[in-house]
There are 2 protein chains.
Amino acid sequence: MPIPYRDSSDRLLTDYPRPSVAVDTAVLTVTPEAELGVLLVRSEAGGWRLPGTFLHPGERLVDAVIRALDVKAGVRGLAPRQLHVFDEPDRDDRGWVLSVAHLDVVPFDSLAQDPDRATIVPTAALEAWLPAPLPYGHAQIIAAAVAELRAEYAERPDPGGLLPEPFTLSSLRRLHEAVASRRLLPDSFRRLMQPQLAPTDDVSEGSVGKPARLFRRAPAA
Amino acid sequence: MPIPYRDSSDRLLTDYPRPSVAVDTAVLTVTPEAELGVLLVRSEAGGWRLPGTFLHPGERLVDAVIRALDVKAGVRGLAPRQLHVFDEPDRDDRGWVLSVAHLDVVPFDSLAQDPDRATIVPTAALEAWLPAPLPYGHAQIIAAAVAELRAEYAERPDPGGLLPEPFTLSSLRRLHEAVASRRLLPDSFRRLMQPQLAPTDDVSEGSVGKPARLFRRAPAA
DNA sequence: TTAATAGTGTCTGTGAGACATTATGGT
DNA sequence: ACCATAATGTCTCACAGACACTATTAA
């Protein structure tokens, strides 16, 4: 129960109108075609938008993100990160709505898509793919999410856990190249990442060329 | 006027209780003693806290920050940056309150302090200085603000505009040392910062030793 | 045997760190 | 003349980039 409280204007806290608070999430993944993609769902208006929902009473933002992805896109098992609050008063025609943008990373195979409800769009070709611009500044959110993801992948091996273990350095590098959407130097990549990986005694098999050693993500640091 | 809208649970948007949204700001500065300090104001309960306020209807978060600093601490002329949303449901005993943490940087001389209302506390000695822990997770906010400020000062010369122009490389380095709270190597500092500064034809005077060239912050990049 | 890929060794250029040397003011 | 500080020159070491060379498998 709120405790009565007067601010500097001597109005009760509960007197003020309050904004609705929504969460919108850019779910990023790497497609089998090695492209960085984002999950979009159909909006009520018929177009496409990022999955989102309104925050329920007493709910954590993270829990609202997980709930929205489960209900709207059938996605589970996530670790969302907060990006930014979008607060333009006129950004949403449903009223005064603040949106807290989030980023999440999910393996492509975990995104069992119902094509009528959800789809994965390559971030590089977002505008060309969409019939109409995304509402509510969602394009800004995707841009911020991609920038954040690239910053994380530039430092650590697959922090989003997109690659099933064990994996080779080559497959890890191809994943990172998809995230960065540019070629990475094999030498520099190996020097940066190999110390952060746990080696196994196994090697890859079934392909031409010398079999590659298999690694797992590092146990400690 | 909000447009009626039914979500997946078939409840009207306006049916849901909404959270109060507050802004809390860590105003950082460097004191004449070359310490990194944060502005605290007296709370209604008698202790100390970060200056903050509730978001008014239709107001931008940035404007709420500026209003709070003006009203509660007499500070003007700011460029706040958003840091993070704190959403623990029980963090505020006045009810369901989300707090959007902000960072701002202000020259020490612009903080005309009324000692009964506001004070500057060295961030390094925060816990030792305070009679009681800060409420509402404000210590977390300060830690995040200091980390963000240090990241910015590691890259660019005085992005917060704390130093009056023109200035010498030595005084700029002493400022950056105060922000980082560690010694910086003069050689590396000069090599990183001098290309980002605009030289003037003047030199410092009135001190012992060879006069130093004076610089201004870079015009472009 | 050849093609293809994995993995290693090594050369080079750049830049950080360290420090010596010169420049130029005040005392 | 001497001291203090600014400014410059240069040596060394670490590392990124580049590339040659070896290793190991499938076809």
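Below, read A as the first sequence line, B as the second, and so on, with proteins coming before strands; counting in each chain starts at 1.
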* Asked: ring-ring contact (aromatic ring centres under 6.0 Å, His included): which pairs involve residues 66-86 of chain A, sequence neighbours left out?
  -> His84(A)-Phe86(A)
* Validation row: Phe54(A), Val21(A) side chains within 4.5 angstrom (heavy atoms) -> no
* Rounded off to whole Å, could you give me the CG-to-C1' distance for the Leu214(A) and dG7(C) pair? => 14 Å
* Rounded to the nearest angstrom, tell me the gap between atom NZ in Lys210(A) and atom C1' in dA6(C). => 5 Å
* When you match Gly209(A) and Gln194(A) each to their closest nucleotide on DNA chain C, which lands nearer the 5' end? -> Gly209(A)
* To do: For the pair Asp202(B) and Arg213(B), find out whether any cationic side-chain nitrogen is under 4.0 Å from an anionic carboxylate oxygen.
  => no
* Report which part of the nucleic acid Thr168(B) touches: base, sugar-phosphate, or nothing (heavy-atom distance under 4.0 Å, all strands). => nothing
* With a 4.5 Å heavy-atom cut-off, do Arg117(A) and Val41(A) have their side chains touching? -> no
* Ion pair check, Glu165(B) and Arg217(B), cut-off under 4.0 Å -> yes
* Asked: Is there a side-chain contact between Val105(A) and Thr29(A), using heavy atoms and a 4.5 Å cut-off?
  -> no
* Axis deviation across the helix from dT1(C)-dA27(D) to dT27(C)-dA1(D), five-pair ends, to the nearest 10° -> 10°
* To do: Mind listing the residues from residues 171-190 of chain B sitting with a heavy atom below 4.0 Å of DNA chain C? Number order is fine.
  => Leu185(B), Asp187(B), Ser188(B)
* Asked: Does the side chain of Pro211(B) come within less than 4.5 Å of Glu205(B)'s, by heavy atoms?
  -> no
* Asked: Between Pro211(A) and Pro211(B), which has a closest nucleotide on DNA chain C that is more 5'?
  -> Pro211(A)
* Asked: With Phe167(B), which residues qualify under ring pair (Phe, Tyr, Trp, His ring centres under 6.0 Å), at least two apart?
  -> none
* Pair Glu152(B) + Arg81(B), salt bridge at N-O below 4.0 Å -> yes
* Is Arg213(A) touching bases, backbone alone, or none of the nucleic acid, heavy atoms closer than 4.0 Å? -> sugar-phosphate
* Asked: Measuring from Leu134(A):CG to Glu127(A):CD, what's the distance to the nearest 0.5 Å?
  -> 9.0 Å
* Asked: Mind checking what makes ring pair (Phe, Tyr, Trp, His ring centres under 6.0 Å) contact with His176(B), not counting sequence neighbours?
  -> Tyr153(B), Phe189(B)
* Remember a base hit wins even if backbone is also touched, and classify Ser204(B) as base, sugar-phosphate or nothing at under 4.0 Å, heavy atoms. => nothing
* For Leu197(A) and dA6(C), give me the distance from atom CG to atom C1', rounded to whole Å. => 15 Å
* **Positional range of nucleotides in DNA chain D within the contact set of chain B, heavy-atom, under 4.0 Å** => dA4(D) to dT8(D)
